[in-house]
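The next block holds one structure in the form of structure tokens; read it before the comments.
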Amino acid sequence: ISADGYFHHGEMYESPSNRVDTDVRPRIMMGAEISSKRYIQALQRRQMHKQETLNAMKNTVAAILTPTLPTAAVPIADIDQSQTPAVFTRAVNYLGFCAMAQPMGLTGGGLPTSLQTIAAGGNEAMAIRVAAAFEKDFGPIGPPPMIG
């Protein structure tokens, strides 16, 4: 991600006078240190992982269901910018798969949670069918309580 981000936006992030997100700048600038050899090797590994996953799913797995995030929403002030909450969504991007998130319930504190339905890239129709079946069987969760 850093290598691609640096390729597309590095010039903007290199200048300290540009007003860019102070948490994003170091992530983008890490891409400047990635060699072309290391980048190509990573792309090759990614393609191998994608093919292995597609082979494992072939004829047996229509979709994968996971939570969208490992936790409920947290206040912005409590977010640790050195880590990512994208535990379940990152693999979807990495493999070039498609996914959708839909409400699946509320926490004890009334915060919404969501289910992620993942399908192979280009198979959005399958993700939508599986998510629609979940929604039909699960039913509505209702609105979260209003704060304040």
Side-chain angles (χ1 to χ4, degrees), residues 1-10 12-34 39 42-43 45-148:
I1 292 172
S2 294
D4 282 338
Y6 184 76
F7 175 80
H8 291 286
H9 307 290
M12 178 176 61
Y13 282 88
E14 284 175 341
S15 174
S17 64
N18 286 339
R19 295 182 66 198
V20 296
D21 189 292
T22 56
D23 293 312
V24 175
R25 184 186 303 268
R27 294 183 208 148
I28 296 295
M29 293 309 295
M30 285 189 324
E33 304 301 318
I34 297 173
Y39 180 71
L43 290 177
R45 278 192 310 277
R46 177 183 179 209
Q47 189 58 37
M48 181 186 67
H49 293 151
K50 179 179 180 177
Q51 195 57 53
E52 288 173 351
T53 306
L54 287 170
N55 290 343
M57 292 175 66
K58 191 173 184 175
N59 301 321
T60 59
V61 177
I64 300 166
L65 304 178
T66 69
T68 306
L69 294 172
T71 65
V74 297
I76 291 175
D78 294 347
I79 294 175
D80 180 355
Q81 290 287 349
S82 68
Q83 298 190 11
T84 178
V87 176
F88 301 114
T89 57
R90 187 163 275 188
V92 176
N93 294 328
Y94 176 74
L95 296 172
F97 282 18
C98 62
M100 62 182 294
Q102 67 192 110
M104 70 174 208
L106 300 173
T107 66
L111 294 170
T113 60
S114 64
L115 177 72
Q116 177 179 231
T117 303
I118 305 164
N123 203 358
E124 288 84 357
M126 179 59 74
I128 292 169
R129 283 196 304 274
V130 171
F134 171 82
E135 188 172 83
K136 181 181 174 197
D137 290 345
F138 196 74
I141 66 166
M146 298 305 290
I147 298 173

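In this text the structure is predicted, and so the values were computed from the model without any measurement.
Going from atom CE of Met30 over to atom OH of Tyr13 covers 12.5 Å, rounded to the nearest 0.5 Å. For the atom pair Glu52 CD and Gln47 CD, the distance stands at 10.5 Å (nearest 0.5 Å). Atom CD1 of Ile1 is separated from atom CG of Asn93 by 7.0 Å, given to the nearest 0.5 angstrom. The distance from the CD atom of Gln116 to the CE atom of Met104 is 11.0 Å, given to the nearest 0.5 Å. In this structure, the separation between OH on Tyr6 and OH on Tyr39 is 14.5 Å, given to the nearest 0.5 Å. How far CD1 of Ile28 is from CD of Glu14: 11.5 Å, rounded to the nearest 0.5 Å.
Taking each heavy atom of Ala119 and Met126 in turn, the nearest pair found is CB-CB, 4.3 Å. Closest non-hydrogen pair, Leu106 versus Pro112, comes out as CD2-CA, 3.7 Å.
When the shell of 6.0 Å around CD of Glu135 is examined, it contains 12 or fewer heavy atoms from other residues, nucleotides or ligands. Heavy atoms from other residues, nucleotides or ligands lying under 6.0 Å from CZ of Arg46 number more than 12. In this structure, Leu65 places its CG atom where more than 12 heavy-atom neighbours from other residues, nucleotides or ligands lie under 6.0 Å away.
Listed by first then second residue, pairs satisfying ring-ring contact (aromatic ring centres under 6.0 Å, His included) with a partner in residues 91-142 read His49-Tyr94, Phe134-Phe138, not counting sequence neighbours.
In summary, of the residues considered (Thr117, Leu115, Val92), a side-chain contact (heavy atoms from CB on, under 4.5 Å) with Met100 occurs for Thr117 alone.
In terms of modelled atom types and a separation under 3.5 Å, the side chain of Asn18 and the main chain of Val20 share no donor-acceptor contact. In this structure, Thr113 contributes its side chain and Gly105 its backbone to a donor-acceptor pair below 3.5 Å.
Looking at Phe88 and Ile118, their side chains never come closer than 4.5 Å, going by heavy atoms from C-beta outward.
For Ser114, the side chain to side chain contact (heavy atoms under 4.5 Å, CB included) test picks out Thr68, Ala101, with sequence neighbours left out.
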Checking Gln51 against Asn55 for the side-chain contact (heavy atoms from CB on, under 4.5 Å) test, could you report, in this order, the C-alpha distance in whole Å, the side-chain angles of both residues, the deciding distance, and whether it holds? CA-CA 6 Å; Gln51 195 57 53; Asn55 290 343; 3.1 Å; yes
